[in-house]
Structure formats: structure tokens, C-alpha cells
Amino acid sequence: VINIMRKKSYDILDMTALFNLSYTFGLTRYNNKYDFQSIPNSDLFKGKRNNYYLPKMKPPSTIMSDCENIHLWEVLPLDLKIKDANLIYSTANDGYSLSTILAINDTYDYETTIMFLIETADDEIFGGVMSNLFKHTNGKSVRPMVSLLLKIRPEIKIYQASDERDDVLYVDSECVIFGNGPKGPAIRFDKDLKGGFSYEGGCFNNEKLVSNEKGEFQIKKMEIYHLD
């Protein structure tokens, strides 16, 4: 890897490009002689996983399975693929309270990138990744530089916020709205974290994240991770 980096200049965030330049060396024997055979890793792993970094979740999520975790990291943007996830809030440890989330988030840098996960009573999982914490947005909606809507179960999908929309995140002491739209937000949950709503369309142009006809869901678990 050092030799590769010396010969050519590559963005260290582009781990796929770096991986494609690496080789596996195998020792072969022929007529009592040994020889090295170099095999490009891009050929060795062809048709297999497209993610060359195994993310560390500290501690492991009680919402996502290991398989879902790996598959999610496969489809994240490259600059997020190399990040690990450190738990900063969970309903299991910290209770069901938006005020607790706001208090914990106040102890971190405003531009910290986080991932939040919600598991519903119907075993659906969704959430988001954003470069803002859950902090008061002072009565207006804001657009974090990183704004991704995640659907994880029953299938993994990622939605990127439209470049033309600034109404991505709204936070006050009563509720959180992530991804506003004419029918309603992609995700909304209130201060008691008992439940919320999900609607299609809006700034993520997403489908409804839950199966309930009215878009309602009950929160079974919630986790927030700092991505670093």
C-alpha cells in the first residue's frame, strides 16, 4: 500500500480505487520449484462484496443485524465507508426522551456526522445519516451538508436529499422532522419517542418507510451513532 501511494496520488477516501490497485501473492510449486503468482484483489473478489472495509459498531447495534450492517456500508458513499460507528444514545440505555437526546447531542461538535436508527413495533428499520446533530434549529429548517435517508428493513435503500431543497431537518423541544414534504415528513417523531409518521415524496423523493396505510409507527428502539 505504501508503494502504491508513493507512485500515484489517490484520495485516501476512495478505498475502492486503492483496493483495486492491491494484489494477493500466492506461492505455487511446479517441478519442485516455487514461484510467486500475483493476483489482483479486484479479480480475486470479483462478483463478491463491493465493500472492502468492515465497519466497527461500538457496541454492536441491537437494531441492525451484522448482515444488515455490512450491506448498509456497501451502499454508503465512499467517504462514509471508512468510518466506524460509536454509540452515543440508545433507548435501552438512556430512555425514551427527546430532551435526553438534545442534552447528549449538546456535548458534541455541531458538525459531527451521526447515524440514527429507528426500529418500529412492526420490525421495520429506518433512519438517517447527517452532518448535524439533533440540536435546536431555531424555528427553521436547515440542510446538513450530508443528508441521507436510510431504509434498512425489509430492504436496504438510501435516498439523497434534493439539491434544490433546504427543508431537510427541523428540531425543537417538541419534535424532530427529517425530510419535509407536501404530504408530510419522511420521518417525524415527538418528544416522548412513543411513535411518529412517515410519508412519501418530499425532499428525499422517498417511498413511505412503513407499511401502515396512514404512515404511523410506534418506536420500539432507537439508537444514535457518532460516525468517526
inquiry  = With rounding to the nearest 0.5 angstrom, report the OH to NZ distance, Tyr199 to Lys214.
reply    = 10.0 Å

query = Which distance, rounded to the nearest 0.5 Å, do you find between the CZ of Phe126 and the CZ of Phe178?
reply = 12.0 Å

message = I'd like to know whether CD of Glu213 has more than 12 heavy-atom contacts from other residues, nucleotides or ligands below 6.0 angstrom.
response = no

inquiry  = Measuring from atom CG of Leu150 to atom CG of Asn206, what distance do you get when rounded to the nearest 0.5 angstrom?
reply    = 11.5 Å

ask   = Should the heavy atoms of other residues, nucleotides or ligands under 6.0 Å from NZ of Lys191 be counted, would the total exceed 12?
value = no

inquiry  = If you define the side chain from C-beta out and look only at heavy atoms, does anything of Lys151 sit under 4.5 Å from Leu149?
reply    = no

query = Does the side chain of Val176 reach to within under 4.5 Å of the side chain of Ile101, using non-hydrogen atoms?
reply = no

inquiry  = With rounding to the nearest 0.5 angstrom, report the CD to CD distance, Glu200 to Glu207.
reply    = 9.5 Å

query = Do you know which two heavy atoms are closest between Leu169 and Thr137, and how far apart they sit?
reply = O-CG2, 4.0 Å

query = How far does CD1 of Ile156 sit from CG of Asn69, to the nearest 0.5 angstrom?
reply = 9.0 Å

task = Quick one: closest heavy-atom pair of Arg165 and Gly202, and the distance?
result = NH1-C, 3.6 Å

task = Check the pair Val146 / Met130 against side chain to side chain contact (heavy atoms under 4.5 Å, CB included), numbers first and verdict last.
result = CA-CA 5 Å; Val146 177; Met130 57 185 182; 5.6 Å; no

inquiry  = Could you report the tightest heavy-atom contact between Trp73 and Leu80, atom names first, then the distance?
reply    = NE1-O, 3.6 Å

ask   = What do the steps show when you test Asp167 against Cys203 for side chain to side chain contact (heavy atoms under 4.5 Å, CB included), and what is the final call?
value = CA-CA 7 Å; Asp167 52 345; Cys203 61; 4.1 Å; yes

message = Within the 4.5 Å heavy-atom criterion, are Ile158 and Leu72 side-chain neighbours or not?
response = yes

task = Please name the pair of heavy atoms, one in Pro144 and one in Ser147, separated by the smallest distance, quoted to 0.1 Å.
result = O-OG, 2.8 Å

query = If you group Ile, Leu, Val, Met, Phe, Trp and Tyr by side-chain heavy-atom gaps below 4.5 Å, do Val210 and Ile177 land in one group?
reply = no

query = Do Val171 and Leu102 come close enough that some side-chain heavy atom pair is under 4.5 Å?
reply = yes

task = Before giving the answer on side chain to side chain contact (heavy atoms under 4.5 Å, CB included), spell out for Leu98 and Asp190 the whole-Å C-alpha distance, their side-chain angles and the decisive distance to 0.1 Å.
result = CA-CA 7 Å; Leu98 177 56; Asp190 295 328; over 6 Å; no

ask   = Does a side-chain N-to-carboxylate-O contact under 4.0 Å join Asp122 and Arg153?
value = no

ask   = Are Glu223 and Lys221 ion-paired here, with the side-chain N under 4.0 Å from a carboxylate O?
value = no

ask   = Can you find a heavy atom in the side chain of Thr62 that is under 4.5 Å from one in the side chain of Ser90?
value = no

key: ILVMFWY cluster, Phe189 and Tyr89 together (side-chain gap under 4.5 Å)   = yes

task = State, yes or no, whether a side-chain contact exists between Met57 and Met115 at a heavy-atom distance under 4.5 Å.
result = yes

remark   = Rounded to the nearest 0.5 Å, the CD1 atom of Ile118 sits from the CD1 atom of Ile187 at a distance of 5.0 Å

query = Any side-chain heavy atom of Gln218 sitting closer than 4.5 Å to one from Thr120?
reply = no

ask   = What are the two closest heavy atoms between Phe204 and Tyr159, and how far apart are they?
value = CD2-O, 3.4 Å

task = Look at the side-chain heavy atoms of Ile, Leu, Val, Met, Phe, Trp and Tyr, link any pair under 4.5 Å apart, and say whether Met222 and Leu133 land in one connected group.
result = yes

ask   = Hey, is CG on Asp66 packed in by over 12 heavy atoms from elsewhere, all under 6.0 Å?
value = no

request  = For Lys220 and Asp123, work out which heavy atoms get closest and say how close.
outcome  = NZ-OD1, 2.9 Å

query = Can you check whether Ser162 reaches Asn205 side chain to side chain, under 4.5 Å on heavy atoms?
reply = no

inquiry  = When you measure from the side chain of Asn105 to the backbone of Lys135, do you find a donor-acceptor pair of N or O atoms at a distance under 3.5 Å?
reply    = no

ask   = Backbone N or O of Thr113 within a donor-acceptor pair of the Tyr108 side chain at under 3.5 Å?
value = no

ask   = For the hydrophobic clusters of this structure (ILVMFWY residues joined by side-chain heavy atoms under 4.5 Å, transitively), does one cluster hold both Val75 and Tyr225?
value = yes

query = After noting the C-alpha distance and the side-chain angles of Tyr170 and Asn180, does the key distance pass the side chain to side chain contact (heavy atoms under 4.5 Å, CB included) rule?
reply = CA-CA 9 Å; Tyr170 176 89; Asn180 214 350; over 6 Å; no

key: Test item: Ser198 side-chain N/O and Leu209 main-chain N/O as donor-acceptor pair under 3.5 Å   = yes

